[in-house]
Amino acid sequence: MRIGIDKDTCIGAGQCALTAPGVFTQDDDGYSTLVPGREDGGGSALVREAARACPVRAITVSERVG
């Protein structure tokens, strides 16, 4: 799984970190970032739900190709 976070779009609402705290966290400025070592989602079933929860659609999730 590939997870993308558009840092220019993110407003720091934190819905991703609330929905999938094992994958998403917030940096010192409050913007979304991935938990170190969980860049591939770590098999969490909540990653797609976290992307849907983002109010500005800053998170994309796609299947890893190749």
Side-chain angles (χ1 to χ4, degrees):
M1 176 179 303
R2 174 169 288 153
I3 303 168
I5 302 171
D6 184 338
K7 300 288 187 178
D8 293 327
T9 301
C10 180
I11 60 170
Q15 294 304 305
C16 58
L18 289 172
T19 304
V23 178
F24 296 95
T25 188
Q26 291 177 284
D27 65 18
D28 291 340
D29 295 320
Y31 296 106
S32 181
T33 190
L34 295 168
V35 171
R38 301 299 294 253
E39 291 83 1
D40 65 353
S44 174
L46 297 174
V47 172
R48 292 186 192 282
E49 184 59 34
R52 284 190 289 271
C54 179
V56 294
R57 303 286 185 237
I59 299 170
T60 56
V61 179
S62 60
E63 295 304 315
R64 188 175 298 256
V65 177

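Model, not experiment: these values are computed from the prediction.
Listed by chain and number, the residues in a salt bridge (Lys or Arg N to Asp or Glu O under 4.0 Å) with Glu39 amount to none (sequence neighbours excluded). Applying the salt bridge (Lys or Arg N to Asp or Glu O under 4.0 Å) test to Arg48 and every residue at least two apart in sequence or in another chain returns Glu63. Residues meeting the side chain to side chain contact (heavy atoms under 4.5 Å, CB included) test with Pro36, sequence neighbours left out: none. A search for side chain to side chain donor-acceptor pair (under 3.5 Å) contacts involving Gln26 returns nothing, not counting sequence neighbours. Under the rule for a side chain to side chain contact (heavy atoms under 4.5 Å, CB included), the partners of Leu46 that lie at least two apart in sequence or sit in another chain are Ala20, Ser44. When the side chain to side chain contact (heavy atoms under 4.5 Å, CB included) test is applied to Val56, the partners found at least two apart in sequence or on another chain are Thr9, Ile11, Cys54, Ala58.
In the hydrophobic clustering (ILVMFWY side chains linked at under 4.5 Å, chained through shared members), Val61 is joined by Met1, Ile3, Ile5, Val23, Phe24, Leu34, Val47, Ile59.
Among pairs with a residue in residues 4-30, none fulfils salt bridge (Lys or Arg N to Asp or Glu O under 4.0 Å), at least two apart in sequence or across chains. Counting only residues at least two apart or on different chains, the side-chain hydrogen bond (donor to acceptor under 3.5 Å, both in side chains) pairs with a member in residues 49-62 are Glu49-Arg52.
When all heavy atoms of Thr19 and Ala53 are compared, the closest pair comes out as OG1-CB, 3.8 Å. Between Pro55 and Ala13 the shortest heavy-atom distance is CG-CB, 3.8 Å. The two atoms that bring Asp40 and Gly42 nearest to each other are OD1-N, 2.9 Å, heavy atoms only.
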